[in-house]
Enquirer: 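Please see the structure below; I have some questions.
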Amino acid sequence: MRGLNGKTAIVSGGATLIGQAVAQTLAGYGARVVIADINEADGHAAAERLGPNVSFIRTDITSDAEIAKLVSQTVEITGRLDFLVNVACTYLDNGAETNRADWLKALDINIVSSVMLMQAAHPHLKANKGAIVNFGSISARVAQTGRWVYPVSKAAILQLTRNQAMDLAPDGIRVNAVSPGWTWSNIMVQLTHGNREKTDKVAAPFHLLGRTGNPEEIAEAIAFLLSDNASFITGTDICVDGG
């Protein structure tokens, strides 16, 4: 991928399986990556495993002070900031019974915090003509029994992506989204107790390719959208969903 070598990316939610795959893929293309996550154990372990181009900064993205610290420390460590990848999310969702506090908590994590991170990073992204990738989902496009909060938040992210792309274009900042299908991720591991074969069997009827996606497949799409290979792409959403 052109234009990734020597650049710096923050990956929020970078301690998750998908986040770690993003960090590994970007680092493989020569980028410096900062994993930002509230999960210290997995974040430190990922940074240690992925090598010298990957760092970990413990961050609660619902805290503006910690976001500001994340951005300043990233620039201090790597000398620059070019990319944001907003993986962090919560699956908190009780459908029609979801109370106000849980709605606000989920929307704060899934949407508002990514905007606050963009605001803090904006001067650096503008200076470096950077790029942002947000995480949508196939859940943004369909109704799912018993699930309201997560699909609504993901649908909102897609609209946010379009709005950001329009308003940040004059600054030379591109903003796109990826919408994964069922992907081997933390939530899938939890639901199946690590049984990938079971996950693929359940996913098969819903995906033309008959399986769940690999985190690395999502990561490659993200690397493309951040790279100069996608220099004329902004405001769009790539579905990485196996059909």
Side-chain angles (χ1 to χ4, degrees), residues 1-14 18-19 21-37 50 52-57 59 61 64 66-88 111-136 156-180 218-240:
M1 301 290 180
R2 292 184 292 107
L4 296 181
N5 188 45
K7 303 290 183 66
T8 296
I10 289 176
V11 181
S12 75
I18 294 177
V22 172
Q24 183 172 15
T25 298
L26 294 179
Y29 286 119
R32 297 287 300 275
V33 182
V34 173
I35 291 173
D37 206 293
L50 295 177
N53 280 345
V54 180
S55 306
F56 170 69
I57 298 176
T59 308
I61 60 169
D64 290 347
E66 292 200 22
I67 285 175
K69 181 180 176 182
L70 167 66
V71 170
S72 63
Q73 287 188 340
T74 296
V75 174
E76 181 180 343
I77 292 169
T78 72
R80 60 187 300 137
L81 177 55
D82 305 88
F83 308 127
L84 298 179
V85 183
N86 293 303
V87 182
I111 305 172
V112 178
S113 293
S114 73
V115 177
M116 297 303 103
L117 179 54
M118 179 278 298
Q119 289 179 355
H122 180 261
H124 303 285
L125 300 182
K126 180 179 180 180
N128 296 325
K129 308 300 181 187
I132 300 171
V133 175
N134 297 320
F135 258 66
I157 286 170
L158 298 185
Q159 182 60 41
L160 172 65
T161 298
R162 291 185 283 266
N163 291 351
Q164 288 180 323
M166 179 173 286
D167 284 350
L168 298 181
D171 296 330
I173 302 169
R174 296 183 300 105
V175 187
N176 292 290
V178 294
S179 285
I218 312 302
E220 288 290 350
I222 291 167
F224 166 69
L225 287 172
L226 293 177
S227 76
D228 289 347
N229 297 58
S231 56
F232 200 55
I233 301 175
T234 196
T236 197
D237 171 43
I238 292 182
C239 294
V240 190

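Atoms considered below: every heavy atom in the structure, side chains included; atoms not considered: hydrogens, waters and symmetry mates.
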Enquirer: Restricting to non-hydrogen atoms, name the atom on V85 and the atom on F135 that form the minimum distance, rounded to 0.1 Å.
Expert: CG1-CE1, 4.2 Å

Enquirer: Search all heavy atoms of A219 against all heavy atoms of A21 and return the closest pair with its distance.
Expert: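 Heavy atoms of A219 and A21 come nearest at CB-O, 3.5 Å.
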
Enquirer: side-chain contact (heavy atoms from CB on, under 4.5 Å) for Q164 and N134? Distances and angles first, verdict last.
Expert: CA-CA 10 Å; Q164 288 180 323; N134 297 320; 3.1 Å; yes

Enquirer: Got a second to check how far D237's CG is from L158's CG, nearest 0.5 Å?
Expert: 5.0 Å

Enquirer: Taking the side chain as everything from C-beta on, heavy atoms only, tell me whether N53 gets closer than 4.5 Å to V33.
Expert: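 SC-SC contact between N53 and V33 ruled out.
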
Enquirer: Indicate yes or no: at least one non-hydrogen side-chain atom of I132 is less than 4.5 angstrom from one of L125.
Expert: yes

Enquirer: Count the heavy atoms belonging to other residues, nucleotides or ligands that lie under 6.0 Å from NZ of K129, then report whether that count exceeds 12.
Expert: yes

Enquirer: For Y29 and E220, run side-chain contact (heavy atoms from CB on, under 4.5 Å): C-alpha distance rounded to whole Å, both residues' side-chain angles, the deciding distance at 0.1 Å, then the answer.
Expert: CA-CA 10 Å; Y29 286 119; E220 288 290 350; 2.8 Å; yes

Enquirer: Has the side chain of T25 got a donor or acceptor atom that lies under 3.5 Å from a matching backbone atom of A23?
Expert: no

Enquirer: How long is the gap from CD1 on I10 to CZ on R32, to the nearest 0.5 Å?
Expert: 12.5 Å

Enquirer: Pair K7, R80 - check side-chain contact (heavy atoms from CB on, under 4.5 Å), show working.
Expert: CA-CA 7 Å; K7 303 290 183 66; R80 60 187 300 137; 3.7 Å; yes

Enquirer: A side-chain contact here means heavy atoms from C-beta on lying under 4.5 Å apart; do I61 and L117 qualify?
Expert: no

Enquirer: Test your reading of the model: is there a side-chain donor-acceptor pair from N229 to the backbone of R2, 3.5 Å cut-off?
Expert: yes

Enquirer: So, the side chain of N176 versus the backbone of I233: is there a donor-acceptor pair under 3.5 Å, distance only?
Expert: yes

Enquirer: Among L4, I238, V133, which residue meets the side-chain contact (heavy atoms from CB on, under 4.5 Å) test with F224?
Expert: I238

Enquirer: So, does T234 use its side chain to make a donor-acceptor pair with the main chain of V175 at under 3.5 Å?
Expert: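 Between the backbone of V175 and the side chain of T234 there is a qualifying donor-acceptor contact (under 3.5 Å).
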
Enquirer: For I77 versus S55, what's the shortest heavy-atom pair and its separation?
Expert: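 For I77 and S55, the tightest heavy-atom pair comes out as CG2-OG, 4.1 Å.
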
Enquirer: Quick one: does any side-chain atom of S72 pair with a main-chain N or O of K69 as donor and acceptor, under 3.5 Å?
Expert: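 Pair found, side chain donor or acceptor close to backbone of K69.
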
Enquirer: To the nearest 0.5 Å, how far apart are CG in D64 and CE in M116?
Expert: 6.5 Å

Enquirer: What's the separation between atom CD1 in I222 and atom CG in L26, rounded to the nearest 0.5 Å?
Expert: 7.5 Å

Enquirer: Would the distance check show the side chain of R174 and the main-chain N or O of L225 forming a donor-acceptor pair, the cut-off being under 3.5 Å?
Expert: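 Confirmed, R174 side chain pairs with L225 backbone.
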
Enquirer: Kindly compute the distance separating CG (L81) from OG1 (T74), expressed to the nearest 0.5 Å.
Expert: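 One finds 6.0 Å between CG of L81 and OG1 of T74.
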
Enquirer: Mind checking the OG-CD1 spacing from S114 to I67? Nearest 0.5 Å is all I need.
Expert: 9.0 Å

Enquirer: Where do T59 and A36 come nearest, in terms of heavy atoms and distance?
Expert: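 Closest pair (atom of T59, atom of A36, distance): OG1-CB, 3.8 Å.
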
Enquirer: Does the side-chain contact (heavy atoms from CB on, under 4.5 Å) test come out yes or no for I35 and V54, once each step is laid out?
Expert: CA-CA 7 Å; I35 291 173; V54 180; 3.7 Å; yes

Enquirer: Can you name the closest pair of heavy atoms from S12 and N86 and give their distance?
Expert: OG-CA, 3.4 Å

Enquirer: Between G3 and F83, which heavy-atom pair has the shortest distance, and what is it?
Expert: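 Taking G3 first and F83 second, the nearest heavy atoms are O-CZ, 4.0 Å.
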
Enquirer: Do L168 and M118 have side-chain heavy atoms sitting under 4.5 Å apart?
Expert: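 Yes, side chains in contact.
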
